[in-house]
There are 2 protein chains.
Amino acid sequence: MPSHSNPTITTIAESAGVSIASVSRVLNGLPVRDATERKVLAAAQSLGYVPNSVARSLKSSRTNQVAFAIEDIGNPVYLAMLREIQPVLKQAGYRLVLHSTGADLDEELEVLRGLGQRYADGLIISPIRVTPEHLAELERATAPVVVIGSLPDGSPVDNVRADSRTGVEMALRHLRDLGRRRIGFVNGPLDTVPGRSRDAAFRAGMRRWGMVLDEDLVHVGAFRRRTGAEATRALLAGDAAAHPDALLCANDLIALGALDVLRERGLRVPEEVAVVGMDDTDLAAASWPALTSVSLGSAERGRRAAQLLLDRLADPGSGREPRVVTVEPSLHVRASTGGDRVADDGAAPR
Amino acid sequence: MPSHSNPTITTIAESAGVSIASVSRVLNGLPVRDATERKVLAAAQSLGYVPNSVARSLKSSRTNQVAFAIEDIGNPVYLAMLREIQPVLKQAGYRLVLHSTGADLDEELEVLRGLGQRYADGLIISPIRVTPEHLAELERATAPVVVIGSLPDGSPVDNVRADSRTGVEMALRHLRDLGRRRIGFVNGPLDTVPGRSRDAAFRAGMRRWGMVLDEDLVHVGAFRRRTGAEATRALLAGDAAAHPDALLCANDLIALGALDVLRERGLRVPEEVAVVGMDDTDLAAASWPALTSVSLGSAERGRRAAQLLLDRLADPGSGREPRVVTVEPSLHVRASTGGDRVADDGAAPR
DNA sequence: TTGTAGGCGTTATCAC
DNA sequence: GTGATAACGCCTACAA
């Protein structure tokens with residue numbers, strides 16, 4: 001039965017009748033006489049020795065931890081990132097420290113500053129908004145940081161971006177090819193990174209494919225189901241001739257709300273109104289009709305971010321140029337725009 | 001501009017012209033002469049000093065970290081736990097280390113053993129299966145552990161349980177009250193904790209409410225959408241008189257698969273077949289018809305587990321009896337059994 | 001009030 | 001090959 005207090009190399013050294021240096025050597029596989037090795041291993045075994053990672057970290061100044069900071073893990077987009085990041089880090093021998101900051105900018109900055117405490121060797125962060133304070137903290141960060149989300153050119157850290165512009169273009173082109181011309185757009189808040197970029201993408205995309213943008217068909221609310229419902233009600237309020245024949249929703253939750261109201265009004269989807277969501281979360285496949293959705297590649301963004309960070313960590317000779325990676329979007333066509341009616345198998349088994 | 005190498009209390013001491021002890025005292029708010037305090041704070045400020053948490057941990061033998069280990073964060077049940085655990089720990093000043101073990105029992109045991117490395121002050125774990133090895137490791141754990149999921153009586157650690165028995169009873173009673181008698185059951189693997197307990201709960205529940213259990217209406221597969229679809233097809237294969245008039249599905253994903261096939265066959269839900277899921281995930285509200293689902297209180301289980309652990313951590317005088325907490329289930333009635341047709345707002349905004 | 005010194009558990013550099 | 005011994009950065013008796 002192993003003793004209950006924690007054995008250290010000193011304990012083992014005494015027990016085995018050697019010096020702590022020899023114990024350390026054995027435990028680290030350095031050359032040692034056979035007999036010594038045996039004695040040490042036997043003692044370690046019988047005492048139930050486990051190396052203390054904190055002491056190791058102090059000596060090596062490496063924690064073997066990487067932090068990942070996001071606004072809310074409940075958001076499927078961040079969850080998708082996390083699911084990719086986790087195994088990549090584990091594979092490389094790093095533990096994952098998870099920070100969920102809430103919609104609080106200060107907490108986000110706090111995480112950035114917290115790096116100075118050296119509890120982690122690096123950080124992956126997907127900021128809600130990028131303020132000058134963010135850039136200042138990134139500048140002075142004492143450990144490698146990778147940012148998921150767009151950063152101004154010339155920013156000092158590695159950066160993994162989505163391409164919502166192209167993603168929205170794909171969706172609009174799909175709708176145009178289906179003969180739709182009166183495209184409604186339901187967005188989240190314009191003072192968030194995704195809200196603003198999706199708004200810009202919608203405007204650019206409409207122009208790109210030569211469609212007329214009717215401001216009456218553009219609604220802004222929250223990234224929630226309720227917004228989708230309310231906006232859709234509003235869009236269906238006036239003259240039928242003015243109704244949209246397609247809706248682009250800035251995320252899947254909004255699209256679900258839109259579907260609720262279309263169903264309630266007896267409008268057929270996609271025959272009368274086609275609906276497209278964004279982010280391609282599990283909800284898209286769960287809804288009925290299943291939702292066509294633009295994927296901005298969250299999973300891949302997570303994976304790429306983790307790889308960039310590991311790369312930095314592996315190469316101590318830093319000073320390299322910050323790298324920018326842009327992940328390709330993709331369009332997943334399902335029943336809500338007339339695509340495949342066979343449901344795909346959801347992602348998360350139990 | 002702060003120097004780029006890391007200032008330590010030694011650096012500050014030199015810069016301020018005092019001893020490291022004084023620096024430490026100032027930083028920890030111990031009584032110091034005013035002038036000293038000023039000098040030290042000024043030096044710390046201008047050098048951009050941040051205390052090194054590793055060194056602190058080595059000295060204090062507290063890491064201010066808590067580990068949370070689950071099979072897969074993609075599983076909404078574990079995600080719900082995580083979402084509750086995280087803020088509770090943060091509030092108490094602990095960082096969260098996340099382990100996703102995959103379906104691998106060895107990795108799970110590895111996490112338990114890893115506690116010996118002292119990288120965390122405590123652990124919350126929700127094991128896939130509880131083997132004798134698990135119990136042995138729990139016995140010798142060097143830090144407080146809380147297990148989410150049932151443990152044999154007399155196990156040495158705190159334990160937060162679901163009550164699937166009562167949850168299933170609620171669902172079956174609901175179906176019986178709707179006049180349903182031929183209840184089908186679609187389950188996941190029987191060699192998993194949830195699979196086994198849900199099977200037992202179904203059998204007990206049918207007995208409890210005086211309904212006849214027809215083994216032909218019981219199907220076992222995976223906890224996936226495909227299983228729901230396949231089982232439902234099989235259940236609808238024979239004589240119409242033998243078809244079930246209600247389906248209890250062991251999780252929401254299975255229920256979605258059942259809905260797919262019922263829709264494909266033109267069977268009305270709930271009029272011809274009522275459907276109930278389990279776990280009450282976001283998918284339940286997203287589906288159409290929205291899914292009635294049994295919640296086993298994952299969120300609350302997470303919260304309670306975190307509280308139990310904090311409790312242990314706060315009270316160094318340990319040796320207290322292990323505590324067992326059982327969380328009440330609840331039934332969320334929606335359209336798939338004739339409940340409210342108004343969709344609720346999904347959980348995760350963006 | 002302040003400084004010196006020892007120790008938390010490891011690793012690594014010396015001599016022997 | 002092995003054993004003292006000095007760090008790593010911090011806290012804290014103890015002595016001044």
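In what follows, every chain begins at residue 1, and chains take the letters A, B, ... in the order their sequences are listed. Being a predicted model, the structure only gives us computed values, none of them experimental.
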Worksheet item: How does each nucleotide of nucleotides 9-14 of chain D score, in 5' to 3' order, for protein heavy atoms under 4.0 Å: base (B), sugar-phosphate only (S), or none (-)?
Response: BBBB--
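Between the side chain of B:R301 and the main chain of B:V325, no donor-acceptor pair closer than 3.5 Å is present. Of the possible polar contacts, none joining the B:E300 side chain to the B:V327 backbone as a donor-acceptor pair under 3.5 Å is found. Side-chain atoms of A:S53 come within 3.5 Å of backbone N or O of B:Q117 as a donor-acceptor pair. Remark: the backbone N or O of B:T11 is not paired with any side-chain donor or acceptor of B:S15 at under 3.5 angstrom. Of the possible donor and acceptor atoms, one in the side chain of A:D121 sits under 3.5 Å from a partner among the backbone N and O of A:T63.
One atom, CZ of B:R62, and another, P of C:dG9, lie 16 Å apart when rounded to the nearest Å. In this structure, the NZ atom of B:K39 is 12 Å from the C1' atom of C:dT1, given to the nearest Å.
Remark: A:S19 is not in phosphate contact with D:dA4, judged by side-chain N or O atoms under 4.0 Å from OP1 or OP2. For D:dT2, the OP1/OP2 oxygens have a side-chain nitrogen or oxygen of A:T36 closer than 4.0 Å.
Within a 6.0 Å radius of CZ in A:R95, more than 12 heavy atoms belonging to other residues, nucleotides or ligands are found.
When heavy atoms are screened at a 4.0 angstrom cut-off, B:V18 is found touching the sugar-phosphate backbone but no base atom.
Nearest-nucleotide positions on DNA chain C place B:P31 closer to the 5' end than the other of B:P31 and B:S60.
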